[in-house]
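What follows is a set of notes on a single structure, which appears directly below.
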2 protein chains.
Amino acid sequence: MSPRGQEQNEQMRTEATEKIFMAALKMFAMYGYHGTSMKQIARQSGLSYGLVYHYFPSKEAVFRHIVDTSLDNSIQATRMILEKPGDAWEKIADLSSFLVKETLNGDSFLYFLLILHAMVQGKSIPGFLAHLTGKIEAYYQVLSPVIAQAQQDGVALPGDPYVLAAAYFSFVQGLALLQIQDSGIEQHITPNLLMNVLRASK
Amino acid sequence: MSPRGQEQNEQMRTEATEKIFMAALKMFAMYGYHGTSMKQIARQSGLSYGLVYHYFPSKEAVFRHIVDTSLDNSIQATRMILEKPGDAWEKIADLSSFLVKETLNGDSFLYFLLILHAMVQGKSIPGFLAHLTGKIEAYYQVLSPVIAQAQQDGVALPGDPYVLAAAYFSFVQGLALLQIQDSGIEQHITPNLLMNVLRASK
DNA sequence: GTCTATACACTGATAGAC
DNA sequence: GTCTATCAGTGTATAGAC
């Protein structure tokens, strides 16, 4: 049999995939699917070109994996914030704070940038956009019941909670676009401004 | 000299460039810069491959021209709406109505899709993002004085009008993203929802 | 598991006939 | 002005040595 233990083998495997994941996330988030080459990913990861193809069958498979994982992580983080105790509007305030501070300026900014690229370029990858849209709708469904509660409390706008959730996340994506421009304006975006999309008029 | 009259020559020229423009707009708006090839543009325009290069020196030149023209048209349309008589909040209502109805669902939807691609892929075209950001800031400057007036009227949120203008247009771009998903939600977005980003709390 | 070398299709751009 | 043919470079993916 192999002189390497099974667990050591496993470790090499996960280490390599982790390196590929981080490199691909960075490159795809910055330059998009068509703007990134497998050569760039290999170089960024520090591994050889062929090794990337040892772990992933194609460039598209890498992209799908990165996008799926990023979305799942984002949804999970959102779900945890909304599941904490407190009234509906407080939860929305917490989420908005998280999104503006942590996500738009912090480390997980790459996630939102990646989703941006995925949505915009989804049409050119057959079957991808439908898959992506399904995942994003799961996002809406996490937020909409909280919005419905806030409506009952009289603090959120009337209207279909699902539509409002979609509008809210659209605004978040729009703010990620603002971040790309790097004009300094994004520093002045407050959680309050984001919450305004959902706030009742009077 | 040439058997063709000068004006006839001119007409062929403008006809061809117009065809290239429309084809490139459609392709770039749908598939982005890196996702579109010159072959596709030529095919879509109905002209030959070589002729595209007769009118434009490079793919990048085509892209820059399309993006610049689209942005200029959008800014011009916005300026015209905001210059009409009426109080500040009415102007914002008119603009929001225009953006939601005409732009996000109408023909000029391609413009916003194109800008989306341009911003997201701008990093991979040297010097392009800075140029683009400059143009978009002109956009903000058209809207911000109207917001300032609405603040004096007590109907708009307090805060830097320029930042609010940036947030407003970010939301519009976010809604264009929603349109890409084609889930039907975008049909339920109202001008009122868009205006909510700027509306005073109470 | 890791690497280098290579096959093969496609892309941007050019040349040159008409 | 319009077209086809072609070049040089790059991209994805694979083969095969270690």
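Excluded from the calculations below are hydrogen atoms, water molecules and symmetry mates; all remaining heavy atoms, backbone and side chain alike, are included. Computed from a predicted structure; not experimentally measured. Lettering follows sequence order; numbering is per chain, from 1.
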Of the listed nucleotides ([options]), which one gets closest to any side-chain atom of [X]?
X: B:Tyr55; options: D:dG11, C:dG1, D:dG1; value: D:dG1
X: B:His54; options: D:dC3, C:dT11, D:dT2; value: D:dT2
X: B:Lys39; options: D:dT14, D:dC3, C:dT11; value: C:dT11

Problem set entry | Between A:Gln76 and A:Asp72: side-chain donor-acceptor atoms closer than 3.5 Å | no

Check the distance between [N]'s [atom2] and [X]'s [atom1] and give it to me in whole angstrom.
X: A:Tyr33; N: D:dG11; atom1: OH; atom2: P; answer: 13 Å
X: B:Lys59; N: D:dG9; atom1: NZ; atom2: P; answer: 18 Å
X: B:Phe56; N: C:dT11; atom1: CZ; atom2: P; answer: 20 Å
X: A:Arg43; N: D:dT10; atom1: CZ; atom2: C1'; answer: 15 Å
X: A:His34; N: C:dC10; atom1: NE2; atom2: C1'; answer: 12 Å
X: B:Gln40; N: C:dC10; atom1: CD; atom2: P; answer: 12 Å

Exercise. Does A:Leu51 or B:Met38 map to a spot on DNA chain C nearer the 5' end, using the closest nucleotide for each?
Worked result: A:Leu51

Exercise. Taking the six-membered ring for Trp, are B:Tyr33 and B:Phe128 ring centroids under 6.0 Å apart?
Worked result: no

Problem set entry | Check ion pair A:Glu15-A:Lys19 (N to O, under 4.0 angstrom) | no

For this session: Determine: side-chain N/O of A:Tyr53 to OP1/OP2 of D:dT14, distance under 4.0 Å, yes or no.
Result: no

Problem set entry | Flag if over 12 foreign heavy atoms under 6.0 Å of NE2, B:His65 | no

Exercise. Which part of the nucleic acid, if any, lies within reach of A:Ser48 when heavy atoms closer than 4.0 Å are counted: base, sugar-phosphate only, or nothing?
Worked result: base

Problem set entry | Base of D:dG11 paired with side chain of A:Tyr49 (donor-acceptor, under 3.5 Å) | no

